[in-house]
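Residue numbers begin at 1 in each chain, while the letters A, B, ... track the order of the sequences. What's counted below: heavy atoms across the whole structure, side chains too, no hydrogens, waters or symmetry copies.
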Protein chains: 2
Amino acid sequence: MSRIDAMTIGNLAAATATKVETIRWYERVGLLPAPPRTDGNYRSYGDEHLRRLSFIRRSRDLGFTVKKVRELLALADQRDRSCAEVDIIARAHLSEIEQKISDLMRLSNELRDVIDRCGCGSIAECNIIGALSPDGGTTRPKLPIAG
Amino acid sequence: MSRIDAMTIGNLAAATATKVETIRWYERVGLLPAPPRTDGNYRSYGDEHLRRLSFIRRSRDLGFTVKKVRELLALADQRDRSCAEVDIIARAHLSEIEQKISDLMRLSNELRDVIDRCGCGSIAECNIIGALSPDGGTTRPKLPIAG
DNA sequence: TATGAACCCTGTAGCAACTATAGGGTCAAG
DNA sequence: CTTGACCCTATAGTTGCTACAGGGTTCATA
């Protein structure tokens, strides 16, 4: 099996669609272990790093927080353990996302209502501004919102 | 018309379901104008502030960024102007929200797939971990993700 | 051999939109 | 006159990066 060891940080970045600065940041916060250095003090990455960074990126793309990724990584390294905990983390994350979706749906419906009522006259009679104002737009302000 | 002037920051906070620190922060960043002070150097708010803060909160609740709220406030104060710009900002925001919803839907579908494949055995054979790994879970890693 | 471009290094500051402390001052009730 | 609830400023922390500034390294080319 070919080992493509000794990647520079730029190579690793290209291989994982990650910015160089992000990789260095992952190292600083302890997500990605510090690799050995070359004589010129360049980071030198191997396959393990590539695998681990890919895992991190995929998890992040799925919306896991860095904190959760840390937990997942810790679990992933304990190969004999039951994956029930992984399942719990993933399900919790899924329900967070579903919650966020329903929040955004409620929000977009409300905003659509607001927009639909806009007759696009002057600001003074604008229903969007009215809907944002304290009384919810049932009456229109006689004065500017603040002086 | 009764004027309920001379609210303390705490009163204003209670009246708008906002934290005191948040109100001070809005002032610092120029969203809410600095009110007069009492002899004891307490902020003293009037109806105008209440109205403006309510507008801010409602806009924020609808997901507008602080930057957009600033724009909306600037427009709202120019009462003779056409509200076409308001309409544009609101519609742009709506489509951002709709985009976010569809991103999250794609994401939750993907995550659900990952979870559904989990047989919940050991980590070594966990399909969630597998799905997060570089190869997408078609083969399972022979080594820990990082040493 | 020199030089230029393209890469790498550290350290720090910035983004959104607050939130949370520390270390004090003010005010009304008892 | 003390207690407790409130207010003040200033500063640091949160999340997950991103963007400098001010250097050093490497490699190809002239």
Sequence neighbours left out, what pairs pass ring pair (Phe, Tyr, Trp, His ring centres under 6.0 Å) with at least one residue falling in residues 67-89 of chain B?
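Counting only pairs at least two positions apart or across chains, no ring pair (Phe, Tyr, Trp, His ring centres under 6.0 Å) contact touches residues 67-89 of chain B.
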
Inter- and intrachain pairs under ring pair (Phe, Tyr, Trp, His ring centres under 6.0 Å), touching residues 58-106 of chain A, at least two apart
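Residue pairs with at least one partner in residues 58-106 of chain A: F64(A)-H93(A).
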
Give the minimum heavy-atom separation between A90(A) and L111(B), together with the two atoms involved.
O-CD2, 3.9 Å

How far apart are the closest heavy atoms of L50(B) and A15(B), and which atoms are they?
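Taking L50(B) first and A15(B) second, the nearest heavy atoms are CD1-CB, 4.0 Å.
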
Tell me every residue that passes salt bridge (Lys or Arg N to Asp or Glu O under 4.0 Å) with E71(A), counting only those two or more places apart in sequence or in another chain.
none

Salt bridge (Lys or Arg N to Asp or Glu O under 4.0 Å) partners of R60(B), counting only residues at least two apart:
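In terms of salt bridge (Lys or Arg N to Asp or Glu O under 4.0 Å), with neighbours along the sequence ignored, R60(B) is linked to no residue.
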
OP1 or OP2 of dC8(C) under 4.0 Å from side-chain N/O of R43(A):
no

Start and end of the DNA chain D segment that chain A contacts, any atom under 4.0 Å from a heavy atom:
dG16(D) to dT26(D)

Sort me out a list of protein N/O and nucleotides 25-28 of chain C N/O pairs below 3.5 Å, or just none if empty.
unit_1: dG25(C); atom_1: N2; unit_2: Y42(B); atom_2: OH; d: 2.8
unit_1: dT26(C); atom_1: O4'; unit_2: Y42(B); atom_2: OH; d: 3.4
unit_1: dT26(C); atom_1: O2; unit_2: Y42(B); atom_2: OH; d: 3.3

Contacts of D61(A) meeting side-chain hydrogen bond (donor to acceptor under 3.5 Å, both in side chains) (sequence neighbours excluded), chain-then-number -> none

Test: side-chain hydrogen bond (donor to acceptor under 3.5 Å, both in side chains). Region: residues 6-24 of chain B. Which pairs qualify, not counting sequence neighbours?
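Of all non-adjacent pairs touching residues 6-24 of chain B, those that pass side-chain hydrogen bond (donor to acceptor under 3.5 Å, both in side chains) are T8(B)-N11(B), T16(B)-T18(B), T18(B)-R57(B).
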
Taking five pairs at each end, how big is the angle between the two axes of the helix from dT1(C)-dA30(D) to dG30(C)-dC1(D), to 10°?
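Helix axis angle between the two ends: 30°.
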
Shorter than 3.5 Å, N or O on both sides, protein versus nucleotides 16-20 of chain C: list them out with atom names.
unit_1: dA17(C); atom_1: OP2; unit_2: V66(B); atom_2: N; d: 3.1
unit_1: dA17(C); atom_1: O3'; unit_2: R60(B); atom_2: NH2; d: 3.3
unit_1: dC18(C); atom_1: OP2; unit_2: Y26(B); atom_2: OH; d: 3.2
unit_1: dC18(C); atom_1: OP2; unit_2: R60(B); atom_2: NE; d: 2.6
unit_1: dC18(C); atom_1: OP2; unit_2: R60(B); atom_2: NH2; d: 3.3
unit_1: dT19(C); atom_1: OP2; unit_2: T22(B); atom_2: OG1; d: 2.9

Looking at side-chain heavy atoms only, is the closest gap between R70(B) and L73(B) below 4.5 Å?
no

Sequence neighbours excluded - salt bridge (Lys or Arg N to Asp or Glu O under 4.0 Å) pairs with any residue from residues 90-100 of chain A
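Applying salt bridge (Lys or Arg N to Asp or Glu O under 4.0 Å) to every pair that reaches into residues 90-100 of chain A, excluding sequence neighbours, yields D87(A)-R91(A), E98(A)-R112(B).
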
Could you check R106(A) against E110(A) for salt bridge (charged side-chain N to carboxylate O under 4.0 Å, His left out), going step by step and ending with a plain yes or no?
CA-CA 6 Å; R106(A) 192 183 39 66; E110(A) 206 172 337; 3.8 Å; yes

Any residue meeting ring-ring contact (aromatic ring centres under 6.0 Å, His included) with Y42(A), in chain and number order, not counting sequence neighbours
none

